[in-house]
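Numbering of ligands and ligand atoms starts at 1, following listing order.
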Amino acid sequence: MPPQTRASGAKDTVASLRARLNRLEREAATRERQLERYAADLREVFKQERTRAQELRRSYKATVLALANAVEARDAYTGRHAQRVAAYGLRIAQAAGVDVDPQTEFGFVLHDVGKVAVADAILFKPGPLTHEERELMQRHPVIGSDILDHVDFLDEAKDVVRHHHERWDGAGYPDRLAGEDIPVAARVFAVADTLDALTTDRPYRPASELARAREVIHSLAGTQFDPSVVAAFDDVPDAELEAIRTGVQ
Ligand SMILES: [Fe+2]
């Protein structure tokens, strides 16, 4: 082959390789732009989903608080009790290394929802309750968990509602569960509930100082309360509990 023809053949090959390379680069760039568009679409979908989930959770929380406030509205002395006791419960759970999911937190807020079924004459009786009255009063955990029975998003909350008056020594109600048979969230909550009861003014007695409440709770470790939960409660600084009590958090 003459040298001129060989040179032109090589040029053609280079030109066709270059053309192929250009085409491949264009295709790669198109694919990259497509992938970027997919990624942007996915990010947008995730963002919308997150917003929707947050809105849903806010609605759930508002519904739960409305229900708890409806119960509390009957008893002016326990104003904000549900929110305070939920905050104590969360803090003590954190100190005890117990994971509290949002459903369980709803259980803290709704623990006494069953009191809607307790007559005013019993709920507000200034003197001690008779045996029959106490039995009616002690039905509130079961009534409460029955109320929540068909609410799917409150499934886990029922454990706290049903078992918040069980005792570590098995002498509580309604199921007389003992020790670790009592769901851990209910064991944590029992301490929070007593803390709030002791540090709140009642018609028949003034609020205790926090130091006194700590002594009382300590004296009940191993009988009414899970000792490890009481030990975790001891680790929560006074200032944090005071901030919850006074609503400054
Ligand atoms: Fe209760």
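Taking H163 as the reference, nothing meets the ring-ring contact (aromatic ring centres under 6.0 Å, His included) condition, with sequence neighbours excluded. R57 is linked by a salt bridge (Lys or Arg N to Asp or Glu O under 4.0 Å) to E105, counting only residues two or more places apart in sequence or in another chain.
Of the charged side-chain nitrogens involved, none lies within less than 4.0 Å of a carboxylate oxygen, so that K125 and D120 do not count as a salt-bridged pair.
For the pair T104 and D159, the minimum side-chain heavy-atom distance is 4.5 Å or more.
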Enumerate, atom names and distances included, each donor-acceptor pair closer than 3.5 Å involving a side-chain atom of residues 44-51, sequence neighbours excluded.
{"from": "E44", "atom 1": "OE2", "to": "Q48", "atom 2": "NE2", "distance (Å)": "3.3"}
{"from": "E49", "atom 1": "OE2", "to": "R52", "atom 2": "NH2", "distance (Å)": "2.8"}
{"from": "T51", "atom 1": "OG1", "to": "K47", "atom 2": "O", "distance (Å)": "2.8"}

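When only modelled atom types and interatomic distance are considered, D112 and H164 share a side-chain donor-acceptor pair under 3.5 Å.
Ordered by chain and number, D112 OD1, H140 NE2, H164 NE2, H165 NE2 make up the set of protein N, O or S atoms under 2.8 Å of the Fe ion (ligand 1).
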